[in-house]
2 protein chains.
Amino acid sequence: MTAAVQLTNVLKTLADPTRRAVFERIAREGEVAATGLVQGSKVSQPAVSQHLRALRDAGLVAERREGRHIHYRVAPKGLGPLIDWLGHYQTFWQERFENLEKLLKESE
Amino acid sequence: MTAAVQLTNVLKTLADPTRRAVFERIAREGEVAATGLVQGSKVSQPAVSQHLRALRDAGLVAERREGRHIHYRVAPKGLGPLIDWLGHYQTFWQERFENLEKLLKESE
DNA sequence: CCGATATATAAGTAAACACTTATATGAATG
DNA sequence: CATTCATATAAGTGTTTACTTATATATCGG
């Protein structure tokens, strides 16, 4: 899969507010089971399941099975295509981005 | 408009490959008239026009009218919501995984 | 095994999207 | 002022998307 397609996947995946909210919650809570994500979500269990699949397919989250539960966590590298793309526009917004790319590379 | 909605707009706008290609070309060429963007594009003039409107509405490009031509350029602040959102995860990485802030300071 | 729990898949649907062709607006030029 | 050039809007269309309800699969405890 080309870099452009990966970037498109990441952008599309994060563009949906409901799905992004799921991602943000996983990020906040560190590791969450799907059940936990369904509780406190506006949408149904299948909807959450579908969003989790999209996030996983985009490389944004990883999962760990533990019995009946599947625990999700953020996959830091998933944001890589986005960071790399933004890197090309560094001159446009200079200092704000500064350390971000470095930080991501260190975390790999 | 809330920050979340602005972010959603930016992500949705950049998620379409054709539209992102328009944005990238504006970024590369510095200032381009719509005509120039239509030439060398796979899609029709109205399609390009619609993409330019979307980019402008998302705050990603600015325009300057010069007679019949309208010249487009990247709006530096347009990527702000995206940068800010990613910056939020910068702290997340720092806190959750490793002490990346420390790592960064050590590496400087 | 059975029943309960956790998650995934199937199928259907309304809305959003990215395009098209046709036409309208707006601005320069002869 | 009429024509040409640059861009925008209108209207229509096939495809994608995000959801729903219903059902299937998987895992555990008794």
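Residue numbering restarts at 1 for every chain, and letters A, B, ... go by the order of the sequence lines. These numbers come from the heavy atoms of this one structure, side chains and all, not from hydrogens, waters or symmetry mates.
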Return yes if the base of C/dT20 and the side-chain atoms of B/Gln50 contain a donor-acceptor N/O pair under 3.5 Å, otherwise no. yes

Does any donor atom in the side chain of B/Trp85 or A/Glu24 lie under 3.5 Å from an acceptor atom in the other side chain? yes

May I ask you to list the residues of residues 2-18 of chain B, by number, that have any heavy atom positioned under 4.0 Å from an atom of DNA chain C? B/Lys12, B/Asp16, B/Thr18

May I ask you to say whether A/Glu63 pairs ionically with A/Arg65, meaning some side-chain N is under 4.0 Å from a carboxylate O? no

Among C/dA27, C/dA11, C/dT7, which nucleotide has an atom closest to any side-chain atom of B/Arg65? C/dA27

Could you state the CD-C1' distance from A/Gln39 to C/dT5, rounded to the nearest angstrom? 12 Å

A/Thr13 side chain to A/Arg20 side chain, donor-acceptor N/O pair below 3.5 angstrom: no

Pair listing, side-chain hydrogen bond (donor to acceptor under 3.5 Å, both in side chains) test, anchored in residues 36-45 of chain A, at least two apart: none

Measure from CD on B/Gln45 to P on D/dA6 and round the result to the nearest Å. 11 Å

Interface polar pairs with nucleotides 28-30 of chain D, N/O, under 3.5 angstrom:
residue, atom, partner, partner atom, Å
D/dC28, O2, A/Arg68, NH1, 3.4

Considering only D/dA8, C/dT7, D/dC19, which nucleotide approaches the side chain of B/Tyr72 most closely? D/dA8

So A/Ala47, base contact, sugar-phosphate only, or nothing? Heavy-atom distance under 4.0 Å. base

